[in-house]
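Here's the structure we're looking at; comments come further down.
Each chain gets a letter, A, B and so on, in the order its sequence line appears, and its residues count up from 1.
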Amino acid sequence: DTAVSQTPKYLVTQMGNDKSIKCEQNLGHDTMYWYKQDSKKFLKIMFSYNNKELIINETVPNRFSPKSPDKAHLNLHINSLELGDSAVYFCASRNVPLGEQYFGPGTRLTVT
Amino acid sequence: GNSVTQMEGPVTLSEEAFLTINCTYTATGYPSLFWYVQYPGEGLQLLLKATKADDKGSNKGFEATYRKETTSFHLEKGSVQVSDSAVYFCALRDPNFGNEKLTFGTGTRLTIIP
């Protein structure tokens, strides 16, 4: 009965590699988000998609590329990983405007 | 731009103590305000919200009142429990961004000791 799920939960990789994090929501929501939480717990939005269309793109390096194959999925692909990419990445979704955002459990990415 | 400022943590209290976590905001319009809670190893969950001035959000014994005159949304609970140990985030929803964007504070880690 998981509402917003992410895989993997933990990801350890080396600098320079390319990796993807997957997100799926079974709530029927139209809008999905990616957030980054750094080591100091600071949480910042990265991207927002509505019905597979990009709505918000914060000042994120273009090494990060979100992909939404359908409105239930929003995957995050990261090229040429850097040490500073180490963080917890949260996916979220919401339905109607002004609606609550539901967060996934997070993916802890560690770049060595 | 919009911003949210929370009191720095960590905060450690004894069980049944009174809790206040301060939150102030800066916004160009009239934002909606939120408190989210993150329990260890989990994602964020909405704790409570207020959408206009003088609204009071409440849930699980927690309360916060939207104070436009002081641009504040302080979180309070009269008697905390060990199970309240978590990280608490104050957030605002940007009224000028199609209601899509949440801006978060830096989070306050709360530890309740028995």
Side-chain angles (χ1 to χ4, degrees), chain A residues 1-10 21 23-25 27 29-51 53-60 66 74 87-108, chain B residues 1-11 21 23 25 29-52 55 57 59-60 66 85-111:
Chain A
D1 289 284
T2 304
V4 182
S5 60
Q6 295 178 228
T7 54
K9 190 168 184 178
Y10 300 97
I21 306 171
C23 177
E24 176 181 2
Q25 53 93 4
L27 298 165
H29 289 173
D30 291 332
T31 304
M32 297 183 71
Y33 308 81
W34 276 108
Y35 288 86
K36 179 180 180 181
Q37 186 179 46
D38 63 24
S39 58
K40 296 183 179 179
K41 295 289 187 182
F42 185 64
L43 192 68
K44 188 171 181 182
I45 191 169
M46 300 173 68
F47 301 102
S48 166
Y49 269 72
N50 183 276
N51 277 322
E53 288 190 32
L54 182 66
I55 302 297
I56 294 174
N57 183 349
E58 291 293 285
T59 51
V60 177
L74 182 62
V88 181
Y89 293 84
F90 287 100
C91 178
S93 73
R94 70 130 176 90
N95 188 8
V96 297
L98 304 182
E100 175 183 350
Q101 290 189 22
Y102 291 81
F103 283 77
T107 296
R108 182 176 293 278
Chain B
N2 300 317
S3 66
V4 176
T5 303
Q6 281 181 243
M7 66 186 284
E8 295 256 345
V11 174
I21 301 178
C23 171
Y25 68 89
Y30 299 95
S32 297
L33 302 173
F34 305 84
W35 277 99
Y36 279 82
V37 57
Q38 184 180 23
Y39 297 105
E42 298 184 14
L44 278 73
Q45 303 173 28
L46 179 65
L47 180 60
L48 53 84
K49 66 180 180 182
T51 57
K52 61 183 188 298
D55 269 1
N59 186 24
K60 299 181 181 179
Y66 189 145
S85 297
V87 181
Y88 291 81
F89 293 89
C90 186
L92 68 81
R93 183 159 52 208
D94 191 332
N96 296 317
F97 217 100
N99 294 308
E100 287 290 343
K101 184 177 172 183
L102 281 173
T103 299
F104 286 88
T106 52
T108 302
R109 182 180 296 279
L110 173 66
T111 302

*Could you check if a side-chain atom of A/Gln101 sits within less than 4.5 angstrom of a side-chain atom of B/Leu102, using non-hydrogen atoms only?*
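Yes; the side chains approach each other to less than 4.5 Å.
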| query | Are the side chains of B/Gln38 and A/Phe103 in touch, meaning some heavy atoms are under 4.5 Å apart? | reply |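 A side-chain contact under 4.5 Å is absent here.
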Task: Sequence-distant partners of A/Phe47, ring-ring contact (aromatic ring centres under 6.0 Å, His included), two or more places apart - done: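 For A/Phe47 there are no ring-ring contact (aromatic ring centres under 6.0 Å, His included) partners, ignoring immediate neighbours.
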Could you pull out all residues at least two apart from A/Thr7 that satisfy side chain to side chain contact (heavy atoms under 4.5 Å, CB included)?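 Expected list: A/Lys22.
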Most chain B-contacting option - heavy-atom pairs closer than 4.5 Å, from A/Arg108, A/Gln6, A/Gln37, A/Lys9: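 Highest number of pairs under 4.5 Å: A/Gln37.
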| Got a sec: does the CD of B/Glu42 have more than 12 other heavy atoms crowding it under 6.0 Å? |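 Counting neighbours around CD of B/Glu42, more than 12 heavy atoms of other residues, nucleotides or ligands fall under 6.0 Å, so yes.
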Report yes if the distance between the aromatic ring centroids of A/Phe42 and B/Phe104 is under 6.0 Å, otherwise no.
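Aromatic pair excluded; centres sit 6.0 Å or further apart.
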Practice item. Go through the steps for B/Thr106 and A/Leu43 under the test side chain to side chain contact (heavy atoms under 4.5 Å, CB included), then give the verdict. Key: CA-CA 7 Å; B/Thr106 52; A/Leu43 192 68; over 6 Å; no
- Task: Answer with side chain, backbone, both or neither: which region of B/Gln45 has an atom nearer than 4.5 Å to a non-hydrogen atom of chain A?
- Result: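 Neither part; nothing is under 4.5 Å.
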